[in-house]
Every structure is written in structure tokens, then in C-alpha cells.
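What you see is a predicted model, and the numbers here were worked out from it, not measured in a lab.
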Amino acid sequence: MNISGIFKKNPIRSVDTETERYDGYDAEETAAQSSEGQSSVIPEIPDGLMTKCPKCKKTILSQDLKGLHYICPKCGHYLRMYAWKRLKLLADPDSFEEWDTGLITKNPLHLKEYPGRVRSLQESTGLDEAVITGKAKINSMDTVLMIMDCRFLTASMGQVVGEKITRGIERATAEKLPVIIVCCSGGARMQEGMTSLMQMAKTSAALKRHSDAGLLYISVLTDPTTGGVTASFAMLGDIILAEPRALIGFAGPRVIEQTIGQKLPKGFQRSEFLLEHGFIDAIVERENMKNVLGEILSLHAAEQKVLEKEGSSEETVADGTETDKTGKNPFSKERAKAKTPWERVQLARAKDRPVAEDYMDRLFTDFIEFHGDRNFADDAAICGGIARFCGQPVTVIAQMKGHDTKDNIRRNFGMPKPEGYRKAIRLMKQAEKFHRPVICIVDTPGAYCGMEAEERGQGAAIAESIYEMSGLKTPVLSILIGEGGSGGALAMAVSDEIWMMENASYSILSPEGFASILWKDASLAEKAAKSMQLTSYDLMKNGFIEAIISEPDHYTCEEMDKVCEELHAKIAGFLQEKCRIPSEQLVEKRYNRFRIY
């Protein structure tokens with residue numbers, strides 16, 4: 001069978017792809033689409049009989065729409081397809097064995113409205129969470145199949161979503177099965193804060209293990225696939241397919257427009273745009289998806305059989321294994337309460353606060369900077385190269401802010417672009433090859449949110465960095481010295497240990513953004529900072545970091561000597577301990593560090 005005939009041959013269509021706008025961070029309002037059209041039916045017609053196309057506004061018999069795989073016969077628009085309906089389209093009849101049902105969604109930020117919202121969606125959708133996972137047959141071939149459903153908080157990735165996907169990948173690895181994930185999501189789940197952010201690392205690390213076992217992963221991107229899902233498992237497929245005109249991007253269109261103050265061109269962030277820029281393998285019509293997936297699985301079947309015959313099995317990692325995080329950095333409750341979370345956020349952003357360059361000058365000698373990502377450009381927001389620490393060669397990679405306006409403009413105010421992350425990846429892989437420890441200095445308000453960043457694959461670059469860091473066979477230390485903004489910071493913090501300066505912050509989003517999304521009022525940033533548990537003391541208490549580095553109340557370059565004295569001693573201890581650990585054990589411990597969330 002020649003499968004080229006069932007891929008889209010001319011993916012660029014002259015349609016107004018911006019008629020249906022979608023913002024991955026304000027998803028519940030824009031993604032509303034009830035089953036069988038309950039919220040969009042014609043008045044005075046029985047519920048469920050007719051559905052209105054959100055694109056052309058024409059009405060279609062729901063039964064006809066179902067037979068057309070929820071593609072509008074009037075304009076060809078792809079309506080969003082719910083998980084169980086898509087499962088029926090893709091899997092052989094009666095072949096699906098569902099896994100990991102009944103996991104309980106927790107409320108780590110103790111938001112009053114969140115548990116009720118989850119219960120309401122469970123009742124209205126019949127789902128326990130935003131993804132179904134299990135084992136299925138596609139054209140008689142076994143695969144692990146996971147399908148996300150946008151009705152459930154826009155399929156945002158909270159702990160249960162991340163846990164189900166991770167368990168599915170782990171079981172696929174143990175049973176030597178390929179994985180197919182049908183992605184749709186508004187991104188990370190704001191209501192779960194840092195716990196949600198950790199799911200990006202957890203799922204990506206699980207996929208790294210699956211890949212190292214020589215197994216196939218196919219990612220299928222549907223409308224919408226945005227935010228933290230794009231910046232993790234969605235963009236890590238060996239083969240990445242997409243439905244026509246699906247919205248795919250790290251930041252939503254409205255967020256980008258507000259950031260850059262410009263209206264985006266038609267078709268921006270759609271499947272066709274990603275294909276043109278080299279980020280996906282093919283666009284496949286919905287009615288052809290099962291056959292294409294089946295053919296890809298068939299092409300890989302011989303390799304799967306070889307792996308099965310080998311019969312080798314790795315030792316199973318016990319669930320709940322934890323890194324010892326006690327006794328390293330006892331801290332005073334009084335000191336923790338000395339400043340409010342919002343006050344610490346302001347200190348982390350202070351203009352006279354030391355930046356990465358100041359730490360590099362004091363902690364390392366003989367630094368040689370390396371430039372470029374070997375793909376597109378050199379990004380001054382990330383600086384990296386080789387240096388010595390007490391005579392030992394190390395690789396140092398830092399997110400760079402400037403001391404003055406001119407330097408900040410040159411360094412894009414510490415907001416890396418994709419080429420910055422790809423440069424960091426290149427240097428990390430080089431360090432692994434030559435057995436050099438990696439020390440990352442993290443200080444960013446977040447990854448750069450702009451049109452050119454999306455064109456060059458911001459989400460894919462962050463995902464790749466998380467993915468590669470999780471498996472680096474050399475010690476990795478990350479030190480957060482100022483702001484640790486979302487996935488942009490996590491991309492340099494999938495480490496053996498994470499340390500924070502006392503007044504640094506590390507969070508899923510800025511307090512202003514958090515307040516704007518959850519409460520529609522950015523002026524509530526101070527309240528958000530308190531709810532987000534983003535201070536070093538909060539994060540230490542909750543097990544997200546290993547150490548707090550004390551600092552003066554007004555921390556400037558003039559007060560760095562004592563701080564760097566403490567840092568120098570701790571780094572020496574870190575290197576002495578970690579460099580003695582065999583690489584396989586080091587990677588195992590790092591995996592378990594993120595697996596517990």
C-alpha cells in the first residue's frame with residue numbers, strides 16, 4: 001500500500017483560518033462545544049438533532065455529522081471530536097482495554113472553586129479526567145493509545161492527566177509496545193500550579209525511556225494543542241501527524257498579539273504553518289487517520305518483534321521512590337514569614353539584583369563561551385561554554401539578563417528564543433560526551449513569547465531540552481538566582497538538584513498572568529503570588545527544590561562575596577558527591593526525582 005496517497009497533498013488552503021480564534025490560555029470560553037451540538041443547536045429544535053458549524057454557522061443534522069467524522073459538509077471545518085468518539089474511529093472494534101481509571105484529582109493550591117468544577121465536568125462528560133488511556137488494536141496491531149478530550153477544562157494537563165500518560169508510557173515500555181497520543185489541550189492546568197508544571201518533565205522523561213528502548217511514539221496533533229502540552233509530549237513524537245487547520249503553538253494567538261502589539265497573519269500556528277516550517281511530518285485527513293496510523297505501525301512491526309524476541313528486561317523502579325530532601329537546608333519559619341510572597345517576587349525582579357554574569361565571574365575561572373545553535377542563530381539570552389571550577393572542567397549554561405537597558409535589549413531581558421534552548425541542548429550533549437558536569441544558572445521571566453519564536457518552534461525547543469536533560473549521563477545542577485518563569489525556566493532545571501536563592505521565585509506563570517487567567521483581573525497579582533506557592537520556602541517545603549541559598553535583605557553585587565562563598569562550598573560538595581555515582585544510577589535518580597510528582 002502506498003500511503004502517500006492518503007496524506008494531504010496540498011496542505012496550504014485559501015481559507016480564513018483565523019475566523020475561529022482560539023487562545024490556549026483562555027480556553028474554556030473559546031473551546032466550548034457540547035456533545036452532539038447541545039449548546040449550538042437551532043432554537044425550537046429538539047436538543048441534539050441539529051448542530052451549528054462554528055466556522056460557517058450552517059446547521060447540519062447531528063446524525064449526518066457523525067457519519068462524516070464531525071467534519072462540516074458545508075465548509076470542511078473540523079469540529080472537535082470527543083475522546084470516546086475518536087477512539088471508535090481509530091481503534092478496531094472491541095479492542096480497547098482501558099487503563100488507570102479512577103485516579104483522584106487533587107487541589108494543591110487549595111482553590112475553593114476547583115474541586116466543584118472538576119466534579120461538574122466529570123458528571124457532564126462521563127470522563128474521570130481529560131485523557132483516556134489504554135491498549136488497543138489498530139488494523140490488528142497492538143498499540144498503547146491515549147486520547148485527550150477538550151471538554152474537560154480544555155484538556156489542560158494537571159497531575160492526573162500527567163500521571164495517566166506517564167503510566168501508559170511506562171507500561172508501553174515494559175510491554176515493548178508503540179505509543180500513540182492524540183493531543184488536544186489548552187496547556188498546563190493553572191489551578192494546580194507547580195504540580196502541573198512538573199507533569200511536563202514527568203511525561204517527557206517517560207518518553208525518553210520509551211525512546212531509549214527503541215520503541216515508536218506517534219503524536220497526533222488536533223485542534224487545539226497549545227501551552228505546556230506542546231512544550232512536552234506533543235512535540236516529542238518520532239513521527240508527528242496533525243489534522244488539517246489545527247491550532248498548534250506554545251502561546252495562544254491572543255497572548256502573542258498582546259505581547260507584540262500586532263495582529264497575526266492568517267493561518268499562523270495552524271497545521272499548515274507548522275508543516276511549512278518543518279515541525280510536523282504530515283497533515284492527514286480525519287477519515288484517513290486510522291489507515292495512516294495502521295500503515296506506520298506495520299512498517300515498524302518487524303523492529304517491534306525483534307525487541308520482543310530479545311526478552312531483556314530492565315529492573316522495575318519502585319513507585320514512590322523519593323530523593324532524600326531532608327537535612328540539607330533547614331530553614332527558619334520566622335525567616336520564611338519575614339516577607340510576603342509578593343515582596344519576594346519584587347526582590348527577584350529588582351533591577352540592581354546580581355545577574356548570571358556576576359555569578360559566573362565569581363564562581364568559575366577560564367571561561368570560554370561557545371555560540372550558536374547550529375540551526376538558526378545565536379541567542380544572547382543564553383550564554384554557555386566551558387570553565388573550570390576548582391580546576392575541574394565544567395559546562396556552564398546561564399540565562400542572561402543585563403545590568404542596563406542596552407544590555408537587556410541585547411539579551412532580550414533574559415527571555416530565551418528557540419535557538420537559545422537549542423544552543424543549551426547542544427552544549428549539554430557535548431558535556432555528556434566529554435563527561436563534564438553541567439551547571440545551569442536560571443533567571444528568566446519566561447521563554448520569549450513572540451511570532452518569530454513560534455515560527456522557529458519555541459514549544460518544540462523547550463520540550464527537547466526537558467527531554468534531553470532528563471537522560472543526560474552526567475551530573476546536572478540548576479541554580480535559580482532570580483525569576484523562574486514556567487516552562488522557560490524548567491527547560492534548564494530538569495536536574496539532579498535544584499537550588500534557589502532565598503528571594504528567587506519559581507512558578508507556573510507570572511502572578512499577573514495567573515490572576516488574569518483565573519480571576520480575569522491582573523491587579524490581583526499580590527493575591528495570586530500568595531496562592532501560587534512560588535517562594536523558595538514554599539518550594540522547599542513541597543519538595544520541588546533541594547536547597548535555599550540565604551541572601552541579604554537588599555541583595556546587590558556588593559554583597560555577593562559571602563553568598564558566593566556559600567555557593568562555592570555547596571557546588572564543591574555537589575560535584576564531589578555526584579561525580580562518583582555511575583551514570584546509569586544518576587539518570588535513574590533524576591528520573592525518580594520528577595516521577596514522584
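Listed for the E454 side chain is a donor-acceptor partner under 3.5 Å among the backbone atoms of F250. With hydrogens and angles disregarded, no donor-acceptor distance shorter than 3.5 Å links the side chain of S516 to the backbone of A522. Checking side-chain atoms of T222 against main-chain N and O of C183 turns up a donor-acceptor pair under 3.5 Å. Distance alone, capped at 3.5 Å, places no donor-acceptor pair between the S486 side chain and the G488 backbone. Of the possible polar contacts, one joining the S204 side chain to the M200 backbone as a donor-acceptor pair under 3.5 Å is found. A distance-only check finds a donor-acceptor pair linking the side chain of T226 to the backbone of S185 [under 3.5 Å]. The closest donor-acceptor contact from the side chain of T225 to the backbone of L221 lies at 3.5 Å or more, if one exists at all. Side chain of D361 to backbone of D358: no donor-acceptor contact under 3.5 angstrom is found. Listed for the S271 side chain is a donor-acceptor partner under 3.5 Å among the backbone atoms of E243. Looking only at distances, a side-chain donor or acceptor of D379 sits under 3.5 Å from a matching main-chain atom of A381.
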Q: Begin from the C-alpha positions of E163 and Y597 and carry the test side chain to side chain contact (heavy atoms under 4.5 Å, CB included) through to its verdict.
A: CA-CA 8 Å; E163 183 68 16; Y597 297 115; over 6 Å; no
Q: Check the pair K429, E432 against salt bridge (Lys or Arg N to Asp or Glu O under 4.0 Å), reporting the backbone distance first and the verdict last.
A: CA-CA 5 Å; K429 296 299 289 182; E432 180 183 51; 3.0 Å; yes
Q: Might you work through the side chain to side chain contact (heavy atoms under 4.5 Å, CB included) test for L534 and V345, ending with a clear yes or no?
A: CA-CA 9 Å; L534 48 66; V345 168; 3.7 Å; yes
Q) K401 and E357: salt bridge (Lys or Arg N to Asp or Glu O under 4.0 Å), yes or no, with the steps? A) CA-CA 8 Å; K401 292 181 180 178; E357 185 177 4; over 6 Å; no
Q) Given the rule in the salt bridge (Lys or Arg N to Asp or Glu O under 4.0 Å) test, do D366 and R388 qualify, once you have shown the distances and angles that lead to the verdict? A) CA-CA 6 Å; D366 305 320; R388 292 184 186 274; 3.6 Å; yes
Q: Check step by step if side chain to side chain contact (heavy atoms under 4.5 Å, CB included) holds for F364 and I439.
A: CA-CA 11 Å; F364 307 102; I439 299 173; 3.8 Å; yes
Q) Would I462 and L490 count as a side chain to side chain contact (heavy atoms under 4.5 Å, CB included) if you check the C-alpha gap in whole Å, the side-chain angles of each, and the deciding distance to 0.1 Å? A) CA-CA 8 Å; I462 293 170; L490 179 66; over 6 Å; no
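Using a 4.5 Å cut-off on side-chain heavy atoms (C-beta onward), I256 and F268 make contact. Side-chain contact check for S465 versus R422: every heavy-atom pair is 4.5 Å or farther apart. Looking at L236 and I240, their side chains never come closer than 4.5 Å, going by heavy atoms from C-beta outward. At a threshold of 4.5 Å between non-hydrogen side-chain atoms, the residues N503 and R353 count as touching. When side chains are defined from C-beta on, E502 counts as touching R335, because their heavy atoms get closer than 4.5 Å. Contact annotation: the side chain of V587 approaches that of K473 to within less than 4.5 Å [non-hydrogen atoms, C-beta and beyond]. Within the 4.5 Å cutoff, no side-chain heavy atoms of K106 are placed close to those of Y114. The side-chain heavy atoms of W519 and F514, taken from C-beta on, include a pair separated by under 4.5 Å.
Q392 and R436 are not linked by any side-chain donor-acceptor pair at a separation below 3.5 angstrom, with hydrogens and angles left out of the test. Of the N and O atoms on the side chains of R189 and S196, not one donor lies less than 3.5 Å from an acceptor on the other residue. For Q458 and Y421, the side-chain atoms include no donor-acceptor pair closer than 3.5 Å. No side-chain donor from either of E497 and S495 sits under 3.5 Å from a side-chain acceptor of the other. Side-chain polar atoms of D538 and T535 form a donor-acceptor pair below 3.5 angstrom. In this model, a donor atom of one side chain and an acceptor atom of the other lie less than 3.5 Å apart for S211 and Y467. Q199 and K202 are linked by a side-chain donor-acceptor pair at a separation below 3.5 angstrom, with hydrogens and angles left out of the test. Judged purely by distance below 3.5 Å, without hydrogens or angles, the side chains of D352 and H403 never pair a donor atom with an acceptor atom.
Heavy-atom minimum distance, M148 versus F233: SD-CZ, 3.8 Å. Of all heavy-atom pairs between C440 and M469, the closest is SG-CE, 4.2 Å. Contact between T444 and P416 at its shortest, heavy atoms only, is OG1-CD, 3.5 Å. The nearest pair of heavy atoms linking E192 to Q159 is OE1-N, 2.7 Å. Between A356 and I481, the shortest heavy-atom contact is N-CD1, 3.5 Å. When all heavy atoms of G249 and Q269 are compared, the pair lying nearest together is CA-NE2, 3.5 Å.
For E551 and K562, the salt-bridge test fails: no basic side-chain N is under 4.0 Å from an acidic carboxylate O. Using a 4.0 Å cut-off between charged nitrogen and carboxylate oxygen, D223 and R270 count as a salt-bridge pair. A salt bridge is absent between D373 and R426; no separation between the charged side-chain nitrogens and carboxylate oxygens falls under 4.0 Å. The pair R349-E512 meets the salt-bridge criterion, since a charged nitrogen lies less than 4.0 angstrom from a carboxylate oxygen. Salt bridge status for R593 with E546: present, with a side-chain N to carboxylate O gap under 4.0 Å.
Paired with M500 under the rule side-chain contact (heavy atoms from CB on, under 4.5 Å), one option of Y506, F544, Y537 passes, and it is Y506. No option in R590, K589, K578 other than R590 meets the side chain to side chain donor-acceptor pair (under 3.5 Å) test with D496.
Atom CZ of R456 and atom CD of E419 lie 4.0 Å apart (nearest 0.5 Å). A distance of 11.5 Å separates CG in L347 from CD in E483, rounded to the nearest 0.5 Å.
Aromatic ring orientation, F273 versus H277: tilted (interplanar angle from 30° to 60°).
By the 6.0 Å and 45° rule, R209 stacks over the aromatic ring of Y591. Geometric assessment of K570 against the ring of W499 yields a positive cation-pi assignment under the 6.0 Å and 45° thresholds.
Residue-environment remark: CG (D404) exceeds the threshold of 12 foreign heavy atoms within 6.0 Å. More than 12 heavy-atom neighbours from other residues, nucleotides or ligands sit within 6.0 angstrom of NZ on K339.
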